[in-house]
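All chains are named by letter (A, B, ...) in the order of the sequence lines, taking the proteins before the strands, and each is independently numbered beginning at 1. All of these numbers come straight from a predicted model, not from anything done at the bench.
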There are 2 protein chains.
Amino acid sequence: MTYYSGHPRILIAVDCIIFGFDGTDLKILLVKRAFEPEKNKWSLMGGFLQPDEALDEAANRVLKQLTGLEGVYMEQIHTFGDPKRDPEERTVSVAYFALIDIQQYEQQLSEDYHAEWFLLSKKPRLIFDHDNMMALAQKQLRYKAAIHPILFELLPQKFTIPQLQSLYQGVYNTVFDNRNFTRKLLSTGLLIKQKEKDKGSSKKGAFYYKLDKRKYKANFQAFLNFVPKPDKFL
Amino acid sequence: MTYYSGHPRILIAVDCIIFGFDGTDLKILLVKRAFEPEKNKWSLMGGFLQPDEALDEAANRVLKQLTGLEGVYMEQIHTFGDPKRDPEERTVSVAYFALIDIQQYEQQLSEDYHAEWFLLSKKPRLIFDHDNMMALAQKQLRYKAAIHPILFELLPQKFTIPQLQSLYQGVYNTVFDNRNFTRKLLSTGLLIKQKEKDKGSSKKGAFYYKLDKRKYKANFQAFLNFVPKPDKFL
DNA sequence: CCAAAAGTGTTCCCGATACACCCATGA
DNA sequence: TCATGGGTGTATCGGGAACACTTTTGG
């Protein structure tokens, strides 16, 4: 007999808010729920915590099921425990957000789960409290990206400065001055200019940059200030 | 039969990291665990999530049991789910931190739970992963207090600027320049000077201030900058 | 009158912002 | 040649940091 008898055991879920960047737009990955209740409605990708599985493991497992990707940047954001949040049975859900480079994402897998990328502005209504989770994830993403260089996690190995700016603008849903943005960015010393250009989006072409991973890891904790007028956060 | 059969139900706990300020030092409230396993060892105050109880409710219930206080500032910080974190039975724990004014705290209740305030530097080793929780709470407190005026939650209604400075210095374990600190503080417009002085800690005495609650609430989201050289955060 | 803490101003510098024109190229 | 997006420099301003002396009063 355990010392903890008399206390309820409860279902625990993990839900992932998956942000992706395709080189132009910031998007979110949603799935059509495959089982009851709320079958066939749009939802975050989630799953139940298994015995002997850590929370982070569960989140990574769920992410891998959906995208095939491993080693992706993930972070726990909040745990939702309203007793009525899932009408079927009480479930406490631990929400994670993940940042992925859409170009690395294996398209075919989305078929299996009816997964689809949505522009943030065109996201459908989600089941349960997933809209709240989503909103919180966005807030935290803004909060954190204003201070830490996490948005690099969304970029391919080679990227251009205009792409990066467009990513930041997507996250903050605003427009930055490109001169100031470039200057701040380069002043971090985190970027290594390449010789090739990306000719995809303009005639002149934009130079590719790579991330200096050594410095990136060393400076990850550093306090940056990419975002002008740090208005209202979290 | 539920749609969710086949998934494990798991114990869920809530643990509170309770920071307090006595006018001089920043402290943390710990209890001697009253039951097995690890009975009589120092631990965070915690409890199990009850049926039909939201997570925040559980955290407030636990806090009230220990301190008798309600309406205290509390915030969820992280959920810990290592399968082996509690050797007795798998338990996922949602950690909260709370900020309280020690002078408001009813001393007598501590008896019932063998609770004791500890200086952060003199904290004993805690059970399970509570030391980790504690460390994370401290990090988050620093992180957040650098940006938001949450440390006011730890103060009594009337407080002096030297007290406030000593609180900030306790949180960041460092020393600030008092001229710069005072100027920043007053420039927020959040403080209302009182006519009386606190003669407790000096011969000259320090003027009391009160918080302008209206402005406090309005500006809570504002971006401040109390902490010099925002070094390494979270 | 002395010790101990409270209170107060100025200077300097860096970093954020605002702002506009030239460049390279493919069509 | 022209339209499109890429790339760059300067001037101003505000806020943060460094820094030391005077004030008060109980003992």
Side-chain angles (χ1 to χ4, degrees), chain A residues 23-25 145-147 149 155 158-170 172 174-209 219 222-231 233, chain B residues 23-25 145-147 149 155 158-170 172 174-209 219 222-231 233:
Chain A
T24 310
D25 292 304
I147 297 179
L155 294 168
K158 292 178 186 182
F159 52 87
T160 67
I161 291 186
Q163 277 177 351
L164 194 45
Q165 181 167 356
S166 131
L167 170 55
Y168 271 87
Q169 295 184 160
Y172 293 97
T174 180
V175 176
F176 300 158
D177 180 275
N178 62 338
R179 289 163 290 188
N180 293 334
F181 183 80
T182 306
R183 185 165 349 98
K184 276 187 198 178
L185 205 53
L186 294 177
S187 76
T188 63
L190 257 48
L191 299 192
I192 306 170
K193 193 172 192 169
Q194 306 301 112
K195 306 226 154 150
E196 322 100 82
K197 283 182 161 190
D198 166 32
K199 299 278 217 172
S201 70
S202 81
K203 303 174 177 173
K204 183 176 178 181
F207 280 104
Y208 279 117
Y209 285 80
N219 287 24
F223 201 87
L224 303 179
N225 195 5
F226 286 142
V227 182
K229 287 189 200 157
D231 359 355
F233 289 139
Chain B
T24 310
D25 293 304
I147 297 178
L155 295 168
K158 293 180 183 178
F159 51 86
T160 67
I161 291 187
Q163 278 177 351
L164 194 44
Q165 181 168 354
S166 131
L167 170 56
Y168 271 87
Q169 295 184 162
Y172 293 97
T174 181
V175 177
F176 299 159
D177 180 274
N178 62 336
R179 290 161 289 188
N180 292 335
F181 184 81
T182 306
R183 184 167 347 95
K184 276 186 198 179
L185 206 54
L186 293 177
S187 76
T188 62
L190 256 48
L191 299 192
I192 307 170
K193 193 172 191 169
Q194 306 300 113
K195 305 226 156 151
E196 322 101 82
K197 282 183 162 188
D198 167 31
K199 298 277 216 169
S201 70
S202 82
K203 302 175 175 172
K204 184 174 178 181
F207 280 104
Y208 279 117
Y209 285 81
N219 286 24
F223 201 87
L224 303 178
N225 195 5
F226 285 142
V227 182
K229 286 190 202 155
D231 1 354
F233 289 140

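- The NZ atom of K184(A) sits 17 Å away from the C1' atom of dG9(D) (whole-angstrom rounding).
- Put simply, CZ on F181(B) is 17 Å from C1' on dA18(D), counting in whole angstrom units.
- Under 4.0 angstrom from either OP1 or OP2 of dC2(D) there lies no side-chain N or O belonging to K203(A).
- Heavy atoms only, all atoms of each residue included: T160(A) and A206(A) are closest at CG2-O, 3.7 Å.
- Taken from OH in Y208(B) to NZ in K193(B), the straight-line distance is 14.5 Å, to the nearest 0.5 Å.
- Rounded to an integer number of Å, the gap from F176(B) CZ to dG16(D) C1' is 13 Å.
- When all heavy atoms of D177(A) and N180(A) are compared, the closest pair comes out as OD1-N, 2.9 Å.
- In this structure, of dG6(D), dG7(C), dA16(C), it is dG7(C) that holds the atom nearest to the side chain of P162(B).
- Protein atom CG of L185(A) is 12 Å distant from nucleotide atom P of dT8(D), rounded to whole Å.
- Less than 4.0 Å separates DNA chain D from at least one heavy atom of each of the following residues of residues 193-201 of chain B: K199(B).
- Annotation for K199(A) and K204(A): closest pair NZ-O, 3.8 Å, computed over non-hydrogen atoms.
- Side chain of K204(B), nearest nucleotide from dA27(C), dT8(C), dG7(C): dG7(C).
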Could you go over nucleotides 9-12 of chain C and give all protein N or O partners under 3.5 Å, atom names and distances?
residue: dG9(C); atom: O6; partner: R183(B); partner atom: NH2; Å: 2.9
residue: dT10(C); atom: O4; partner: R183(B); partner atom: NH2; Å: 3.2

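- Between the CD1 atom in I161(A) and the CG atom in L186(A) there is a gap of 4.5 Å [rounded to 0.5 Å].
- In this structure Q169(A) satisfies the side chain to side chain donor-acceptor pair (under 3.5 Å) test together with Q165(A), sequence neighbours excluded.
- Note on ring orientation: taking the six-membered ring where Trp is involved, the planes of Y172(A) and Y168(A) are parallel (angle under 30°, cut-offs 30° and 60°).
- Two residues, N178(A) and L186(B), neighbour DNA chain C, and the one matched to the more 5' nucleotide by heavy-atom proximity is L186(B).
- Taking atom CD1 of residue I161(A) and atom C1' of nucleotide dT8(D), one finds them 11 Å apart after rounding to whole Å.
- Across every non-hydrogen atom of Y209(A) and L191(A), the tightest pair is CD2-CB, 3.7 Å.
- Note: L167(A) CG to L155(A) CG = 5.5 Å, rounded to the nearest 0.5 Å.
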